[in-house]
Protein chains: 2
Amino acid sequence: MPATIRDIKNKTGLSLATISKYLNGGNVLPRNRQLIEAAIEELHYEVNEIARGLVTNQTKLVGVMVYDIESLFVGNMLHYIGAELRRHGYGFLICDSFNDEEVETQNLQFLLKKKVDGLLVIPVNRSGKFMEPAKKVGVPVVLLDRAFYDEEFDFVGIDNRMAAYRAVKVLIENGHERIAVITSNVEYSGIYRLEGYLEAMKEAGLSVPEEYRRLGKHSFELGYKNMKELLALQERPTAVFLGNYETTLGGIMAVNESELSWPKDISIFGFDDLIMSRVVRPKIWIARQPMEQMCAKAVDILMERIGSKQTPEEQIMKVTFGIQLREGESIRRLNGRENPSGD
Amino acid sequence: MPATIRDIKNKTGLSLATISKYLNGGNVLPRNRQLIEAAIEELHYEVNEIARGLVTNQTKLVGVMVYDIESLFVGNMLHYIGAELRRHGYGFLICDSFNDEEVETQNLQFLLKKKVDGLLVIPVNRSGKFMEPAKKVGVPVVLLDRAFYDEEFDFVGIDNRMAAYRAVKVLIENGHERIAVITSNVEYSGIYRLEGYLEAMKEAGLSVPEEYRRLGKHSFELGYKNMKELLALQERPTAVFLGNYETTLGGIMAVNESELSWPKDISIFGFDDLIMSRVVRPKIWIARQPMEQMCAKAVDILMERIGSKQTPEEQIMKVTFGIQLREGESIRRLNGRENPSGD
DNA sequence: AGTTTTGAGCGAACCGTTTCGCAATTTTGG
DNA sequence: CCAAAATTGCGAAACGGTTCGCTCAAAACT
């Protein structure tokens, strides 16, 4: 039904080759250019990208695999990724891994069959073995937020160890010594955030009792449940570092439901400034990832890889951004002269 | 690089037509079937869906347009939609409308260019005029959760008016008279939920002072800000009905941060059981949409439409599900004998 | 003015499938 | 046992573009 390049040919009397050349930005005589443009206008012609794809072997589609599409963090990423991809004329095929490694493996197959030009992955698998098929076919891959422990791919994220280290450092500088942590220890980022926490504690010569180390699966409940337990502890911590968005929100809920409040009874430092900052009072200290820049960079790299046919050889890129510590009023000052209860 | 049907032809000595027939489930002599299967196995052949698409004029791709990919409600929908679509061998191209009507209009163009086989839309536009191009091309469209006021399309959602009506009715039956509402009045569902609220109030002969009617744009802040204001009112309402997920969460936050608590000081009835129920205590009463069924149904209808070439003519389907009122402990009983403070 | 260079247009082949109409073979039935 | 019917296989033409190598005319040199 829609007009094809052949209709343009009939209308203008030019050859397919010439018209195709015009469509792809080649040089055409002014007279012919006019002819073609008039015909396109009249017939409402639009190039059929899938036909073009067949011969150029491109789909202008990027596959995006995420560990859980329901996660607010992921939603936020997707938001930026989508916008950036569109700027490049690309669409994206999203696959939700349901936090399941097996599903993720199948999703890869699916996307490969769809002939995506590239892959953007926030993985659930810790190992990159399952990405083998992508490597074999030569589809460029960029990892976001999480890397593998065994396979190298282009990567964009933050320095998680450093991020946590800096955050905990702030707590320490405010005189806190009994500092607990609630974070995931399952996937990439969580593990390094835990490390950063431990390092800061060790450096300051602070001990970390078993019950202050609250680990589990990245989730809302993780924060909620563990914060409840921490608050009920005999030897309650004076501060808690929360290692990701969902967990932070859960922790906040737990405090809100208790008799206690921050910064008076407990100091908190959270992660990822998604919507909390617009809602929670008193404002909490937050380690903020530059989501927009990260996504833009990831897409940039991917576009680069797609453009230059060559596989990256041994020049894999790992871009880590710094985080921003957004100040809040959720930390009580336990040293120095100020009276913390005043705030 | 990957094997093509022609490689199979060379290996087996059969014709393209026969092999194609086999691939599409046609009948082939047992001997040939074996031959083909062996060749496929050996060459790791997989059909190139985009080449197939060129001739069948199908992409096995569905376009999904959502008003805001960051919304938890949307994320949840996407989760189910994705799973269901995959069962049918379809992938989905997601477009985020950024809550912007203009962007949504452009997204449609984009998806149409990508030749999606069908469209699933949770729209931001109130009017369906912008869907004209889809109609013209004959791409089937199914609306989810929100319908247009002026154009008819297949639709799957809930009876919003009824849902709100039933929820508010519960509050009334518990003896509440000063009942406030916080909901969106911008898009489809919000409008009808407001109507349901008003109807229930009117029926019960209850008045709705201006300051009890809190309307605005579907958001977290809407609930947060307005709940704060309601709680600070001279003539504070005894109950509040919250009209959607984000708003409910905001409202809960606001109460949690105040000196007050439910059900003692204020009764609340929320909407959409996404993650709250797993976290908020005491449990709140919730109007629960059957997300999974809705998504499955929407996909079903779409598949149906895609299958039968014919445009639906005048037989447009509108499927509305009932909601489930999930009981909680967030409503104080103001009539009857029970002592509410006991719980 | 003659030769080289440059630039645009063209025909045909190709990308990897499906499908149509027909030929060949097998099965059915009288 | 032969004609009719049913089944399977085949060649070729699509689908809607891109691209390669060639021709030809105009522009740029000696």
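Note on naming: letters A, B, ... go to the chains in the order of the sequence lines (proteins, then strands), and numbering restarts at 1 for each one.
- One can place CG of N32(B) at 13 Å from C1' of dT25(C), the figure rounded to the nearest angstrom.
- Using a 4.0 Å cut-off between charged side-chain N and carboxylate O, K60(B) and D117(B) make no salt bridge.
- In this structure, the CG atom of L35(B) is 15 Å from the C1' atom of dT8(D), given to the nearest Å.
- A straight line from CG of N48(B) to P of dG17(D) spans 17 Å, rounded to a whole angstrom.
- For K21(B), the side-chain atoms get nearest to dG9(D) when compared with the rest of dG9(D), dT19(C), dG11(C).
- The residues R305(B) and D154(B) are annotated as salt-bridged, a charged nitrogen and a carboxylate oxygen being separated by less than 4.0 angstrom.
- Here the two rings, on F92(B) and F92(A), have centers that are 6.0 Å apart or farther.
- Classification of K135(B) and E132(B) as a salt-bridged pair fails, no side-chain N sitting under 4.0 Å from a carboxylate O.
- In terms of phosphate contacts, N27(B) brings no side-chain nitrogen or oxygen within less than 4.0 Å of OP1 or OP2 of dT7(D).
- Atom CD1 in I19(B) sits roughly 12 Å away from atom C1' in dG16(C) (whole-Å rounding).
- Ion pair K115(A)/E49(B) not flagged as a salt bridge, since none of the NZ, NE, NH1 or NH2 atoms sits closer than 4.0 Å to an Asp/Glu carboxylate oxygen.
- Between E42(B) and K11(B) there is a salt bridge, since at least one side-chain N of the basic residue sits less than 4.0 Å from a carboxylate O of the acidic one.
- Look at NZ on K9(A): it is 14 Å from P on dG9(C), rounded to the nearest Å.
- Among the heavy atoms of the strands lying under 4.0 Å from T4(B) are primed sugar atoms or P, OP1, OP2 only; no base atom is included.
- For L29(B), whose side chain is taken as the heavy atoms from C-beta onward, the closest listed nucleotide among dT18(C), dG9(D), dG11(D) is dG9(D).
- A cation-pi arrangement is absent between R126(B) and Y188(B), since the terminal nitrogen or guanidinium carbon is not both under 6.0 Å from the aromatic centre and inside a 45° cone about the axis.
- If you measure from atom CD1 of I36(B) to atom C1' of dC10(D), you get 13 Å, rounded to the nearest angstrom.
- Residue contacts shown for L54(A) include a base, since a base heavy atom lies under 4.0 Å away.
- Where S15(B) and V55(B) meet DNA chain D, the nucleotide closest to each residue was compared, and S15(B) sits on the side nearer the 5' end.
- Electrostatic pairing of K113(A) and E46(B) does not count as a salt bridge here, judged by no charged N lying under 4.0 Å from a carboxylate O.
- For T18(B), whose side chain is taken as the heavy atoms from C-beta onward, the closest listed nucleotide among dC10(D), dT17(C), dT18(D) is dC10(D).
- As judged by a 4.0 angstrom heavy-atom cut-off over every strand, I50(B) is placed among residues making no nucleic acid contact.
- No N or O donor and acceptor, one from the side chain of R52(B) and one from the base of dG16(C), sit under 3.5 Å apart.
- Counting non-hydrogen atoms under 4.0 angstrom, Y22(B) reaches nothing in the nucleic acid.
- Going from atom CD of Q58(B) over to atom P of dT17(C) covers 16 Å, rounded to whole Å.
- The side chain of A17(A) lies closest to dG11(C) when the candidates are dT18(D), dC10(D), dG11(C).
- Summarising the geometry, the separation between CZ on R6(B) and C1' on dC15(C) is reported as 8 Å, rounded to the nearest angstrom.
- The strand DNA chain C forms stems, runs of 3 or more Watson-Crick or G-U wobble pairs with distances below 3.5 Å, at C:1-30 with D:1-30.
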